[in-house]
Number of protein chains: 2
Amino acid sequence: MTLRHGRDYHRQVVTIADVARAAGVSPSTVSYVLSGKRPISEEVRRRVQRSIQKLGYHPNAGARALASSRSNVLAVVIPLRTDLNVPVVMQFVAAAVTEARKHDHDVLLLTKDEGPEGLRRVAASSIADALIVMDVEANEPRLPVLRALDRPVVLIGVPDETGGLTCVDLDFTAAGSACVTHLAELGHREIALIGPSPAVYKRGTSYAGRFLRGFRQAASKRKIRASSFPCPPSYDELRTRLDEVFTRHPGVTGLVVHNEAILGSLLSELSRRGKQVPQDISVLAVCPEDMAEAHALPLTSIALPTAELGGLAVEMAMRQLNGGAGQSEVRLLSPKLIDRGSTGPVVA
Amino acid sequence: MTLRHGRDYHRQVVTIADVARAAGVSPSTVSYVLSGKRPISEEVRRRVQRSIQKLGYHPNAGARALASSRSNVLAVVIPLRTDLNVPVVMQFVAAAVTEARKHDHDVLLLTKDEGPEGLRRVAASSIADALIVMDVEANEPRLPVLRALDRPVVLIGVPDETGGLTCVDLDFTAAGSACVTHLAELGHREIALIGPSPAVYKRGTSYAGRFLRGFRQAASKRKIRASSFPCPPSYDELRTRLDEVFTRHPGVTGLVVHNEAILGSLLSELSRRGKQVPQDISVLAVCPEDMAEAHALPLTSIALPTAELGGLAVEMAMRQLNGGAGQSEVRLLSPKLIDRGSTGPVVA
DNA sequence: TTGAAAGCGTTACCAG
DNA sequence: CTGGTAACGCTTTCAA
């Protein structure tokens with residue numbers, strides 16, 4: 001290959017043939033040492049390993065992908081908007097990357113903005129072996145494309161009709177219900193939900209609706225007066241919502257907060273208003289555990305297990321990839337409530 | 001190919017040969033139509049394009065990478081810690097992804113946790129054509145590895161010794177200085193910097209030290225009394241810092257805030273203390289523009305141009321890739337101050 | 001337990 | 001302006 005520019009960035013360093021030569025075996029043997037797909041004598045294995053080390057061999061990804069029809073890359077599709085809670089999204093991504101590496105895969109980042117054509121492109125060009133899709137809507141428009149993709153797909157979130165796709169998520173319906181139950185058992189009779197941004201509902205984001213449904217159903221079953229206040233992520237908006245809550249529903253003694261972005265503001269605003277938590281008002285959050293713990297007053301919460309969900313999504317994709325395909329699966333993790341002291345009994 | 005499991009996830013859909021046959025040309029012609037690397041008659045081009053459309057052809061990424069030594073993938077290395085401001089990191093990533101797509105590249109997400117070996121792996125296996133590295137430290141330990149990588153590398157951030165690597169960043173030294181200048185010209189004589197978390201300084205994160213240096217130098221040159229208060233991202237910590245500021249330095253009339261995470265808390269805490277902005281105290285932020293605008297009181301700020309920086313990083317990587325290599329480059333964007341009214345003259 | 005060799009789907013050179 | 005055809009580096013049969 002010729003040297004084209006000041007620096008040649010296109011040089012293949014070491015090939016499998018180099019390793020084979022150095023170890024005195026055939027290329028196929030090196031390949032099998034690497035893949036473990038057939039028995040190799042200890043003697044040979046060691047020689048090959050040593051040559052690999054010594055030469056600093058790394059298999060060429062393109063060649064491997066071409067020959068094996070496996071790219072060892074996982075595509076993760078994320079939203080790029082800011083109305084979605086960015087830190088939460090990143091927790092999912094981080095978990096996915098970590099788990100993917102355990103399966104010898106890398107993660108390719110796709111944005112929702114690329115649309116269906118992006119999904120098709122990545123799948124059809126065999127850039128990725130499988131896809132993990134986040135920010136799923138109840139009436140998910142990408143479903144037909146995803147189903148036609150001919151690759152494993154795992155949704156983090158559950159659309160109304162899964163259409164045979166694999167999904168994993170927190171059981172938000174149960175979570176909504178669990179919130180009501182917890183507060184009801186503490187004697188609360190009137191509660192309010194500070195929910196995600198109206199934009200999230202409007203878009204039909206899957207988890208928001210499911211949570212609200214569980215919340216409302218449980219409330220009506222238990223004869224609890226429950227109201228819902230979607231809240232954009234800003235201090236001012238939050239303050240307005242609180243005004244609404246306390247003027248329209250002066251009897252509210254418990255707040256359920258399903259909105260990570262305004263947790264901090266909520267606590268400071270409550271304290272500014274002279275409301276003690278939990279004496280004057282109980283606060284129950286739905287959020288990742290670290291976010292529940294990161295406040296002056298640690299929050300009782302239903303954990304959003306981002307690490308577990310991200311990891312599971314990858315595992316499920318891998319299982320499909322390795323033959324466990326066929327059965328579509330919808331996996332809903334049961335909500336776990338952790339009492340950190342921000343909820344308490346109603347004081348008469 | 002045999003059908004192994006319930007579903008066959010390993011089928012090559014359409015190849016360049018199929019397209020060629022359908023268009024009545026040779027595979028190489030199709031390839032050239034796609035790459036534009038040699039003149040094609042309008043007639044043929046159209047026929048080929050039509051066949052591509054009709055068959056839904058997408059070039060196989062592995063084959064393409066193998067033949068061309070180009071993966072059309074850009075690796076972006078990000079930190080996965082939470083002490084770094086996650087939304088800010090994501091703004092960089094988002095910009096990089098967007099710009100990468102314009103250059104027909106996808107983005108592979110690497111985490112800093114993978115360490116030097118991860119960088120070597122990705123480069124040596126030709127998974128990525130180039131690397132963008134974020135969260136750069138002043139004494140960046142990955143520098144030797146990166147330089148030996150034999151691929152274009154762009155750092156977002158500037159280590160003390162660039163060692164021939166290409167860097168792009170906001171000129172944080174100038175930014176620190178500009179903050180002082182702005183406040184000084186408004187008549188402030190004693191100011192305080194609420195900085196990033198101590199962990200960020202301890203790690204030697206490049207931008208933190210550079211900003212502080214500019215801040216201090218400008219202050220001493222102008223005979224302004226300036227103090228610095230690193231602050232972990234929590235309401236409580238912030239409150240403690242503010243206590244320190246106002247007890248130790250009661251004469252402070254201006255705050256420079258170089259810490260996106262506590263901006264909201266700062267504003268509420270100031271208002272809780274009955275301090276009017278900017279009448280009683282001026283607040284000058286260093287943060288992305290949307291974050292400066294997202295408050296009840298929009299903040300005068302030095303813009304952290306995340307979108308521009310992320311995009312530039314990709315552009316610079318592409319330029320290196322396409323022959324503009326050779327010259328290493330350190331590109332520092334000049335800080336721009338935008339007055340949104342949160343800073344004002346000192347009232348005597 | 002190992003080796004030889006046929007692909008995998010593109011690119012890019014060599015001819016025309 | 002176009003076609004034929006070696007690579008590219010690896011996996012995986014087929015044979016031994």
Side-chain angles (χ1 to χ4, degrees), chain A residues 1-2 4 8 10-48 51-52 55-73 104 124-127 129, chain B residues 1-2 4 9-48 51-52 55-73 104 124-127 129:
Chain A
M1 174 168 281
T2 69
R4 288 177 229 179
D8 182 5
H10 315 278
R11 162 163 37 112
Q12 179 59 34
V13 199
V14 180
T15 75
I16 201 173
D18 299 327
V19 175
R21 212 170 303 125
V25 298
S26 76
S28 56
T29 297
V30 175
S31 175
Y32 284 116
V33 167
L34 251 22
S35 69
K37 288 188 180 173
R38 84 180 180 189
I40 301 281
S41 70
E42 263 316 302
E43 156 69 5
V44 167
R45 178 196 312 288
R46 240 188 294 278
R47 270 196 345 249
V48 170
S51 304
I52 289 177
L55 300 182
Y57 169 70
H58 288 267
N60 179 290
R64 173 172 273 188
L66 181 55
S68 68
S69 304
R70 291 280 207 121
S71 64
N72 279 37
V73 166
D104 196 30
S125 57
S126 291
I127 289 179
D129 293 334
Chain B
M1 173 169 282
T2 70
R4 288 177 229 177
Y9 283 127
H10 313 279
R11 164 164 35 114
Q12 179 59 34
V13 199
V14 180
T15 75
I16 200 172
D18 298 326
V19 175
R21 212 171 303 127
V25 298
S26 78
S28 55
T29 297
V30 176
S31 176
Y32 284 116
V33 167
L34 252 21
S35 70
K37 288 188 181 173
R38 82 179 183 191
I40 301 281
S41 68
E42 262 317 303
E43 156 69 3
V44 168
R45 178 196 312 287
R46 239 189 293 279
R47 265 191 354 243
V48 170
S51 304
I52 289 177
L55 300 181
Y57 168 71
H58 290 267
N60 178 291
R64 171 171 275 188
L66 181 56
S68 67
S69 305
R70 291 283 206 119
S71 64
N72 278 39
V73 166
D104 197 29
S125 58
S126 292
I127 290 179
D129 293 334

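Every chain is numbered from 1 and lettered A, B, ... according to where its sequence line falls, protein lines coming before strand lines. What's counted below: heavy atoms across the whole structure, side chains too, no hydrogens, waters or symmetry copies. What you see is a predicted model; the values in this text were computed from it and never measured.
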Does any part of the side chain of [Y], heavy atoms only, come nearer than 4.5 Å to the side chain of [X], both counted from C-beta?
X: A/T15; Y: A/N60; result: no
X: A/D18; Y: A/Y57; result: no
X: A/V25; Y: A/V33; result: no
X: A/V48; Y: A/I40; result: no

Please report the distance, rounded to the nearest Å, between [atom1] in [X] and [atom2] in [N].
X: B/L66; N: D/dA6; atom1: CG; atom2: P; value: 17 Å
X: A/L34; N: D/dG9; atom1: CG; atom2: C1'; value: 13 Å
X: B/H58; N: C/dT10; atom1: NE2; atom2: P; value: 12 Å
X: A/L55; N: D/dG9; atom1: CG; atom2: P; value: 15 Å
X: A/R21; N: D/dC10; atom1: CZ; atom2: P; value: 12 Å
X: A/R70; N: C/dG9; atom1: CZ; atom2: P; value: 16 Å
X: B/Y57; N: C/dT10; atom1: OH; atom2: C1'; value: 7 Å
X: A/N60; N: C/dG9; atom1: CG; atom2: P; value: 17 Å

Which heavy atom of [X] sits nearest a heavy atom of [Y], and at what distance?
X: B/L66; Y: A/A63; answer: CD1-CB, 3.6 Å
X: A/A23; Y: A/S51; answer: CB-OG, 3.4 Å
X: B/V14; Y: B/V19; answer: CG1-CG2, 4.3 Å
X: A/D129; Y: A/S69; answer: OD1-O, 4.3 Å
X: A/S71; Y: A/S126; answer: CB-O, 3.6 Å

Check whether any side-chain nitrogen or oxygen of [X] sits under 4.0 Å from OP1 or OP2 of [N], and answer yes or no.
X: A/S31; N: D/dT11; value: yes
X: A/R64; N: D/dT11; value: yes
X: B/K37; N: C/dA12; value: yes

Under 3.5 Å between N/O atoms: give me all the protein pairs with nucleotides 3-5 of chain C, atom names plus distance.
unit_1	atom_1	unit_2	atom_2	d
C/dG3	OP2	A/S26	N	2.9
C/dG3	OP2	A/S26	OG	3.2
C/dG3	OP2	A/T29	OG1	2.6
C/dG3	N7	A/R38	NH2	2.9
C/dG3	O6	A/R38	NH1	2.8
C/dA4	N6	A/S28	OG	3.3

Near DNA chain C, under 4.0 Å by heavy atom, which residues of residues 39-46 of chain B?
->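 None, since no heavy atom is under 4.0 Å.
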For the atom pair CZ (B/R64) and CG (B/L34), what is the distance rounded to the nearest 0.5 Å?
->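 These two atoms lie 5.5 Å from each other.
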Per the end-axis method with five pairs at each terminus, what is the bend angle of the helix from C/dT1-D/dA16 to C/dG16-D/dC1, to 10°?
->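 Helix axis angle between the two ends: 30°.
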Could you verify whether a donor N or O on one side chain and an acceptor N or O on the other, from B/S28 and B/S31, lie under 3.5 Å apart?
->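 No pair is found: no donor N or O on one side chain lies under 3.5 Å from an acceptor on the other.
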